[in-house]
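Beneath this line is the structure, given in structure tokens, with notes to follow.
Residue indices begin at 1 and follow the sequence shown.
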Amino acid sequence: MKHAAAEILREYGPFPGAERVNGVTFDGKHVWFASDDRLNAFDPESGKPVCTIDVAGHAGTAFDGKHLFQIAEDRIHKIDPETGQVLSSIPAPGGGGSGLAWAEGTLWMGDPRGRKIHQIDPQTGAILRTIESNRIVTGVTWIDGELWHGTWEGDESDLRRIDPETGKVLERLDMPPGTGVSGLESDGGDQFFCGGGSSGKVRAVRRPKRVAVAGRG
């Protein structure tokens with residue numbers, strides 16, 4: 001297993017009226033984060049708030065290329081980011097989760113109580129597959145076929161790349177002591193956006209470089 005300290009590139013926030021950061025996602029232009037009773041978007045270049053949507057946001061947030069998905073207690077809402085309207089809702093497995101991600105046409109939800117990640121049918125909420133973890137799972141994200149998740153227990157928090165088939169930890173980035181990870185999302189490139197819980201901050205963390213495969217390009 002590769003093991004290193006997380007490199008924090010930038011901190012955003014705290015933001016007015018948003019005391020917590022629960023879920024985090026990225027729509028290709030703006031970072032969205034859930035803060036209890038609303039969703040907030042900001043520009044990652046300037047760090048300035050862009051807009052808010054009044055909707056319950058108790059945990060993970062995801063984006064499928066068109067819609068936002070948001071855990072609200074024991075439900076997962078599908079939301080139109082243009083209007084803020086809740087278009088549909090499915091039950092969250094186990095009565096609620098932590099992190100949320102979109103990949104392969106399905107939702108992936110962290111189950112902090114069960115220390116698991118569930119792959120979920122976005123139409124029905126049915127569990128398609130479950131990956132076991134040995135830590136409390138917070139944020140979840142997929143990038144280039146890699147499954148990463150955050151953990152947060154007590155004063156310790158890290159980012160982990162795991163084998164999607166076995167749950168084996170392949171790589172670990174340790175956050176500084178006292179710096180938790182609530183939500184997690186990749187920017188599609190070389191950094192992650194990590195929610196900071198009650199700090200009200202979102203942190204950009206460098207994603208480790210991959211060794212290029214010879215003979216390509």
* To do: Evaluate the criterion side-chain contact (heavy atoms from CB on, under 4.5 Å) for residue pair I8 and V205; output intermediate values, then yes/no.
  => CA-CA 4 Å; I8 297 175; V205 171; 4.2 Å; yes
* To do: Just do the side-chain contact (heavy atoms from CB on, under 4.5 Å) check on V137 and H118 with the steps written out, would you?
  => CA-CA 11 Å; V137 176; H118 299 300; over 6 Å; no
* Apply side-chain contact (heavy atoms from CB on, under 4.5 Å) to I120 and I76, showing your working. => CA-CA 11 Å; I120 303 169; I76 301 174; 4.2 Å; yes
* To do: Let me see the working for E153 and R115 under salt bridge (charged side-chain N to carboxylate O under 4.0 Å, His left out), right down to the final yes or no.
  => CA-CA 11 Å; E153 292 188 30; R115 301 189 177 200; 3.6 Å; yes
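Judged by distance alone, the side chain of R10 and the main-chain N or O of P44 form a donor-acceptor pair under 3.5 Å. With hydrogens and angles ignored, the 3.5 Å screen pairs a side-chain donor or acceptor of Q70 with a backbone N or O of G60. Judged by distance alone, with hydrogens and angles left aside, the side-chain atoms of W108 form a donor-acceptor pair with the main-chain N or O of A103 at under 3.5 Å. For the pair D163 (side chain) and K168 (backbone), a donor-acceptor distance under 3.5 Å is absent. Listed for the R206 side chain is no donor-acceptor partner under 3.5 Å among the backbone atoms of L9. The backbone N or O of R172 sits nowhere less than 3.5 Å from a side-chain atom of H3 that would complete a donor-acceptor pair. Using a distance-only test at 3.5 Å, with no hydrogens or angles considered, a donor-acceptor pair links the side chain of S98 to the main chain of T138. Proximity of a side-chain donor or acceptor of S157 to a complementary backbone N or O of V181 within less than 3.5 Å is detected. In this structure, the side chain of T106 does not engage the main chain of Q119 through any donor-acceptor pair within 3.5 Å. R129 places a side-chain N or O within donor-acceptor distance of the main-chain N or O of P164, the cut-off being under 3.5 Å.
Separating the CG atom in D43 from the SG atom in C51 is a distance of 11.5 Å, to the nearest 0.5 Å. The CZ atom of R20 sits 5.5 Å away from the OG atom of S198 when rounded to the nearest 0.5 Å. Going from atom CZ of R160 over to atom NE2 of H149 covers 6.0 Å, rounded to the nearest 0.5 Å. The line from CZ of F33 to OH of Y12 is 12.5 Å long, rounded to the nearest 0.5 Å.
Under the side chain to side chain contact (heavy atoms under 4.5 Å, CB included) test applied with T151, the options I136, D158, N134 reduce to a single match, D158. Considering F69, F26, W142, F63 in turn, F69 is the only one that fulfils the ring-ring contact (aromatic ring centres under 6.0 Å, His included) rule with W102.
Using modelled atom types, one finds no donor on one side chain facing an acceptor on the other under 3.5 Å when comparing R38 with T52.
The environment of CD in E104 is crowded: more than 12 heavy-atom neighbours from other residues, nucleotides or ligands sit within 6.0 Å.
Note: F192 and W148 meet the aromatic proximity criterion, with ring centroids under 6.0 Å apart.
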